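All heavy atoms count here, side chains included; hydrogens, waters and symmetry mates do not. All residue numbers refer to positions in the sequence shown, counting from 1. Just so you know, these numbers come straight off a predicted model, no measurement behind them.
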Amino acid sequence: MAEFKKGSALIKESADAKGSRKFTPNIYWKEGDARTVAFITPIEEVPKIKIHQMVQIPDDTKEKKIRWESFLCKKDPTMVESSGGKCELCDVIGHKATDRFAALAVELKAVKSGKEIVGWEIEYSKFTRQDGTEVEIPRWGLVLQGAKNFFSYLAGYDA
């Protein structure tokens, strides 16, 4: 079984990789995709959150002059005290927040002997820093999905 790379130096290396990326990556599935992931978050600790997904943001640095972002709704129970229960995206813009469950996962790849799967290894991505050094970091991210289409299956399996 593969061992996790660990330590604060690796954290800094990952944070510095590929420019100034300052967001939590998400793991997405498109139609026809197949991914194998190991969930780091135990099923009993998966939080339900209110999130605004696919919010259109003006961005002059992009060709289409927009980018798409996700934001935690300020009406989420974790934010109500600090926001006073007011959310500009909900109340002013009219962007509807959806309930999602969020779990941290790492992508895995099959280790094969011929056609037989004999184990799993963590999938890594390679990046080249601006200074030319190559960095290898685990492919990890948040899985943001609903209960009915995704997490109920995991909870049922766990039971």
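Formation of a donor-acceptor pair under 3.5 Å by the Thr41 side chain with backbone atoms of Leu104 is found in this model. Listed for the Ser125 side chain is no donor-acceptor partner under 3.5 Å among the backbone atoms of Ile137.
Two residues are said to be in side-chain contact when any heavy atoms from C-beta on lie closer than 4.5 Å; Arg100 and Gln53 meet this criterion. You'll find the side chain of Glu88 reaches within 4.5 Å of the side chain of Lys74, heavy atoms only. Between Ile57 and Phe71, the closest side-chain pair of non-hydrogen atoms falls below 4.5 Å. Side-chain contact between Ile122 and Leu108 is present, with heavy atoms from C-beta onward closer than 4.5 Å. Thr78 is not listed as a side-chain neighbour of Ile49, based on a closest heavy-atom distance of 4.5 Å or more. Within the 4.5 Å cutoff, the side chain of Arg67 has no heavy atoms near those of the Thr61 side chain.
Nearest heavy-atom pair across Asp76 and Lys48 is OD1-O, 4.1 Å. Heavy-atom minimum distance, Val55 versus Leu89: CG1-CD2, 4.0 Å. Between Val111 and Glu121 the shortest heavy-atom distance is CG2-CG, 3.3 Å.
A chain of hydrophobic side-chain contacts below 4.5 Å, direct or via other Ile, Leu, Val, Met, Phe, Trp or Tyr residues, connects Ile117 to Val106. Residue Trp120 is grouped with residue Tyr124 when hydrophobic side chains (ILVMFWY) are merged at heavy-atom distances under 4.5 angstrom, including chains of intermediate members.
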Take Lys65 and Asp60 through the test side chain to side chain contact (heavy atoms under 4.5 Å, CB included) and record every step on the way to the result. CA-CA 5 Å; Lys65 304 292 183 202; Asp60 289 336; 3.9 Å; yes
Can you list the steps and then say if Asp91 with Lys75 is a side chain to side chain contact (heavy atoms under 4.5 Å, CB included)? CA-CA 10 Å; Asp91 304 334; Lys75 292 183 179 184; 2.7 Å; yes
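With rounding to the nearest 0.5 Å, the separation of OG in Ser70 from CE in Met54 is 8.0 Å. Here the NE2-SG distance, from His95 to Cys73, works out to 10.5 Å after rounding to the nearest 0.5 Å. Note: Phe101 CZ to Ile51 CD1 = 13.0 Å, rounded to the nearest 0.5 Å. Note that CD of Gln56 and CH2 of Trp68 are 4.0 Å apart. Values are rounded to the nearest 0.5 Å.
Phe39 meets the ring pair (Phe, Tyr, Trp, His ring centres under 6.0 Å) test with no other residue; sequence neighbours excluded.
The existence of a salt bridge linking Asp99 and Lys50 is confirmed by a sub-4.0 Å separation between a basic side-chain nitrogen and an acidic carboxylate oxygen.
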